[in-house]
Each structure stands twice: as structure tokens, then as C-alpha cells.
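These figures come from a predicted structure and were not determined experimentally. As the structure lists them, so they are numbered: ligands from 1, and atoms in each ligand from 1.
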Amino acid sequence: LKHIALLGHGVVGSGVHELFHKNRESINEKLGEEVIISKILVRNLSKYSEEPEFKKFTDTFTSDFYADVDFVIEVMGSISPAYEYVKKALEAGKHVITANKDLIAEKGEELSKIATANNAVLNFEASVAGGIPIIKTVKESLAGNTIDRITAILNGTTNFILSKMYEDDMDYDTALKLAQEAGFAEANPTSDVMGYDAARKLSILTRLAFDKVIPWKKISIQGITGVDRRDIQFAKSQKYKIKLVATSFYNGSHIYATVQPAFVHRSSVIGKIDNEFNTVVINGDAVGEIVFSGKGAGRLPTASAILGDLMDIIINKKKTSSGQLAEKCEMMNYWPFECNWFVRLKSKGDPISIDNIFNCFDQSEVQIKDLKDLTDVGFIVKAQDEKYIKDRVMDFLAHNTNLSIKYYKIFEDVMK
Ligand SMILES: NC(=O)c1ccc[n+]([C@@H]2O[C@H](COP(=O)([O-])OP(=O)(O)OC[C@H]3O[C@@H](n4cnc5c(N)ncnc54)[C@H](OP(=O)(O)O)[C@@H]3O)[C@@H](O)[C@H]2O)c1
């Protein structure tokens, strides 16, 4: 008989509990031994007094909490005290499964080392893209490849908001409110809409794909709060959508990683992923381009990833955690490839002089223009790399102090 301690019984924890009970017989049959959830740690015990298994619930983490436990499932969230509880479990040689991307992005490296030193496994499939089995795929199934690039939508909340802005011509605030009402955005949506959540997940995936450590805070991150209806309308008029794209690649010496709103062709793989769905596109040298899409969050999809991790540990229990002991790596600040950019200029006063634009951006590279309103001008410009566009923008602003400017990368090359 094996015992599980469940740390947390909120959205995901209750999903794990339910799914575990529903599939208990088949789980036991597959494993050839009985496994039970024997302890459930929560913060506010009184909330759970009506639970049929209330006697298993506790709000007290004692020094001998793990004495009779074989597996720990951490679904509490945040860094502390999850970090201390997970560390303690691993030090005691207990296998840990977590859905906590904050914890893994921040402390994954250290916890993996502790796991390895104690012959324990740390699995975290649910921490990236919820129900989509991407961690195991990158770590194991694609191990025969050199992965060149990851391009992904890793945050369902922002994808839902951008989808509503695109489909129903909503402004950002209305779409955010709708996302909150539909349960896709939290009351405090900062981590999602500012791009931090996607960046944490990208740092986890990047570490596994390239065997290189990049702290998530070093990723160049831009959220979606600055995206407005006119950006979306312009994108739409050119058959693009705006998505919060997380991308990274390794050039042999440096990692480039960004999370930013970008134009993607509406019929591309990424352009077709709408609402709360997530997608991860991986380019491997042997396999080529492969695509994973599905529910990136939610009670049961996330529970599915957690139970998959549990089965994995039990079936292959001698295998210790791998793929996390990566080296540190320098970051590249600019997208080094030629691509198109959408640039939008807004005047705080007089109409914008088109000559000014052409003096600053190479006229032959300015392709599609929206000049209907000369106080708010949009155009697409080709640039040899991101540094070129940033330099031009800085230069332009230096000479045109009454203007504000924003620009979006256009991803043309992700599988159409
Ligand atoms: N929700 C999703 O769709 C989703 C998807 C993928 C990954 N995740 C990750 O899964 C984790 C859990 O998310 P969730 O949405 O299930 O959160 P949640 O609904 O807020 O549940 C958190 C649970 O942990 C308990 N808890 C929190 N702090 C605690 C503490 N200091 N001591 C004891 N218990 C504590 C809470 O107890 P009380 O109920 O007593 O407050 C609650 O049962 C997070 O890391 C999240 O990022 C979530």
C-alpha cells in the first residue's frame, strides 16, 4: 500500500482528488498495488467540514508530516511555504509532483538537485500548459533531437482576452471583465496580463529543451495591456491576429527568449488557437515542426497531467529526475533575423508628417500603410533584425517628441 499526501485542495487539488477516486481501480490495476490519498493539507480547515473524507484533512504541517507518505502532490501554489514543504519531502526521499510553475521557474534547478541527491523524483508536467503533455515530450520523447526553437501560447487568460478583442471588436477592459466573469481570469490578473505567467512557463520549457538555465526575469517580457482595438483592427485587415507569443531558441552560445504580443497569420498554427487554449510548436532537427494544442489549465486537464506524472514515477520509480541540471547561459537581447514589424505612431497634437516617417525608416522597406488618420498612423516595415527596429524607433522618438510609438513583431514563419 502506497500513501499520497496532497498539499492543497483548491481548483487543481480537488480535481486530483476526484480523478483519483474515479479511476482508482484502473490506477491500482495498472500499478499492481494499492495507492491511496491519505493526507490533505489545506489552509482553512473549516471550509472542508462537509467533505466525505474530512478526517484526512489537516491544516497543520508537522515535522513528521511525511512519516508514512510515499508521494507528495503539491498543488498549493506560490513559492512559500510550497518551497519549504517540497524541499523537506525531497530531502526525506519522497517523490514529488507539482503543478506550481512559480516554484519550478524560481527554484526548479535547486529542487531537482535535491531530488537527485536523495534518489527521489520531482515531476512537474502540469506546471506548463496544464493538460498538454509537453514536459515529458521535450524531456523524453524528443531526446533524440536537437531542439532549435519553441514558439507557444502558454497563457489561456490572455489568449481568451485577445480572442474576444478580435472576434467581437471589444476593448481590452471589457474583454478582461468578460474573462473574469467566465472564470478564465483571476480577480488580480497581473501575472497573466503582464506576461509573467507565460515567461515562467517559457523558462521551464527552455531549460528542458536546450539544457540551459535562464532565469525567467531575464526573459524580455511585454504583456497585453497596451494592445488596443486599432492594433487588432489593423492586424485583422492584413489577415493577422495578435497573440501573446512566447518564443525561444538557442544559437549555440546564446538563448533568445521573449514573451510579447505579436502578429501571427490567422491561418497559421498559432493563429488558429483561440480562447483559453494553449499551443506549443517545437522545431527539432530530426522531427521537424510538431504542434501540441489543448487546454492549458482547468481542474481536470491539470489533474490529468498530475496523475500521469504519478503513474510515471510508480511505473519507472528507479528513474530519478532528469533534464533539470542545466548550465547557465547568456541571453541574446535582439531577435537576430529579418522580419516584418507593424509600427504604429500616435500624435499628441499635429498630424504626423509622412516625410518624417520615410526619413527615419528606409522608404523602400515600408510596405503597407494605414494613413486614413494622420494623427494615428500604422505601417508594416521590414527590418534586418530587432536591433534595427529598436534603433529606428529611438531615433524617431528623439526627433518627434510629440509622438508615441509601439511596434509588434510579425511571425510569418510558424507553419501555415
Ligand atoms: N487552476 C488551474 O487551472 C491551474 C493549472 C495549472 C497549474 N496550476 C497550479 O496549481 C497550483 C494550485 O492552483 P489552484 O488553482 O488549485 O489554487 P487554489 O484553488 O487557490 O488552491 C490552493 C489550495 O492550497 C491550499 N493552500 C494554499 N496555501 C496554503 C498554505 N500555506 N498551507 C496549507 N494549504 C495552503 C489552499 O487551502 P484553502 O482552501 O484552505 O485556502 C487551497 O486548498 C498553483 O501552483 C497553480 O499555478 C493551476
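Given atom 3 (O) of ligand 1, the protein heavy atom at minimum distance is Gly298 N, 2.6 Å. Ranking the protein heavy atoms by distance from atom 41 (O) of ligand 1 puts Arg43 NH2, 3.3 Å first. At the top of the distance list for atom 8 (N) of ligand 1, counting protein heavy atoms only, stands Ala99 O, 3.8 Å. Nearest non-hydrogen protein atom to atom 13 (O) of ligand 1 is Val12 CG2, 4.0 Å. In this structure, the protein non-hydrogen atom closest to atom 5 (C) of ligand 1 is Thr302 OG1, 3.2 Å. In this structure, atom 40 (O) of ligand 1 lies nearest to the protein heavy atom Asn44 N, 2.6 Å. The protein non-hydrogen atom at the shortest distance from atom 25 (C) of ligand 1 is Gly8 CA, 3.8 Å. Among all protein heavy atoms, the one lying closest to atom 44 (C) of ligand 1 is Gly77 CA, 3.5 Å.
Remark: Lys39 is positioned above the aromatic ring of Phe65, its terminal NZ or CZ atom under 6.0 angstrom from the ring centre and at most 45 degrees off the axis. Relative to the ring axis of Phe124, Lys101 does not place its NZ or CZ within 45° and under 6.0 Å from the centre. Cation-pi geometry between Lys94 and Tyr66 is not met at under 6.0 angstrom from the ring centre and within 45 degrees of the axis.
Aromatic rings of Phe342 and Phe234 (six-membered ring for Trp) have centroids within the 6.0 Å cut-off, being under it. Separation of the Phe249 and Tyr256 ring centroids falls under the 6.0 Å cut-off. Here Phe263 and Phe411 keep their ring centres 6.0 angstrom or further from each other.
Of all the atoms in ligand 1, the ones that sit under 4.0 Å from a non-hydrogen atom of Ala126 are 6 (C), 7 (C). The distance from ligand 1 to the heavy atoms of Val75 drops below 4.0 Å at these ligand atoms: 12 (C), 22 (C), 23 (C), 24 (O). For ligand 1, the atoms lying closer than 4.0 Å to a non-hydrogen atom of His9 are 23 (C), 42 (C), 43 (O). Using a 4.0 Å cut-off to heavy atoms of Tyr48, the atoms of ligand 1 that qualify are 38 (P), 39 (O), 40 (O), 43 (O).
Which of Arg200, Lys101, Met76, Glu125 comes nearest to atom 47 (O) of ligand 1 through a heavy atom is settled by distance: it is Lys101.
By the 3.5 Å distance cut-off applied to N or O atoms, Val11 is counted among the residues near ligand 1. Annotation: Arg299 places no N or O atom under 3.5 Å from an N or O atom of ligand 1; distance criterion only.
Residue contacts with ligand 1, taken as heavy atom pairs separated by less than 4.0 Å, do not involve Phe61 at all. Residue-level proximity to ligand 1 for Pro81 is carried by the side chain, the only part with a heavy atom below 4.0 angstrom. Counting heavy atoms closer than 4.0 Å to ligand 1, residue Lys47 contributes side-chain atoms (C-beta onward) but none from N, CA, C or O.
In this structure, Gly130 does not count as a contact residue of ligand 1, since none of its heavy atoms falls inside 4.0 Å of the ligand.
Distance check for atom 17 (O) of ligand 1: every protein heavy atom is found at 4.0 Å or beyond.
Take Phe184 and apply the ring-ring contact (aromatic ring centres under 6.0 Å, His included) test, not counting sequence neighbours, and it matches Phe160.
At a cut-off of 3.5 Å, with distance as the only test, a side-chain donor of Tyr240 or Glu412 sits close to an acceptor on the other residue.
Looking at Leu154, Asn159, Ile153 one by one, the single match for side chain to side chain contact (heavy atoms under 4.5 Å, CB included) with Thr279 turns out to be Ile153.
Residue pairs meeting the ring-ring contact (aromatic ring centres under 6.0 Å, His included) criterion with at least one member in residues 13-41, sequence neighbours excluded: His9-His17, His17-His21.
Between Val343 and Ile389 there is a side-chain heavy-atom pair separated by less than 4.5 Å.
Between Phe361 and Phe379, the ring planes lie perpendicular to each other; the angle is over 60°, past the 30° to 60° tilted range.
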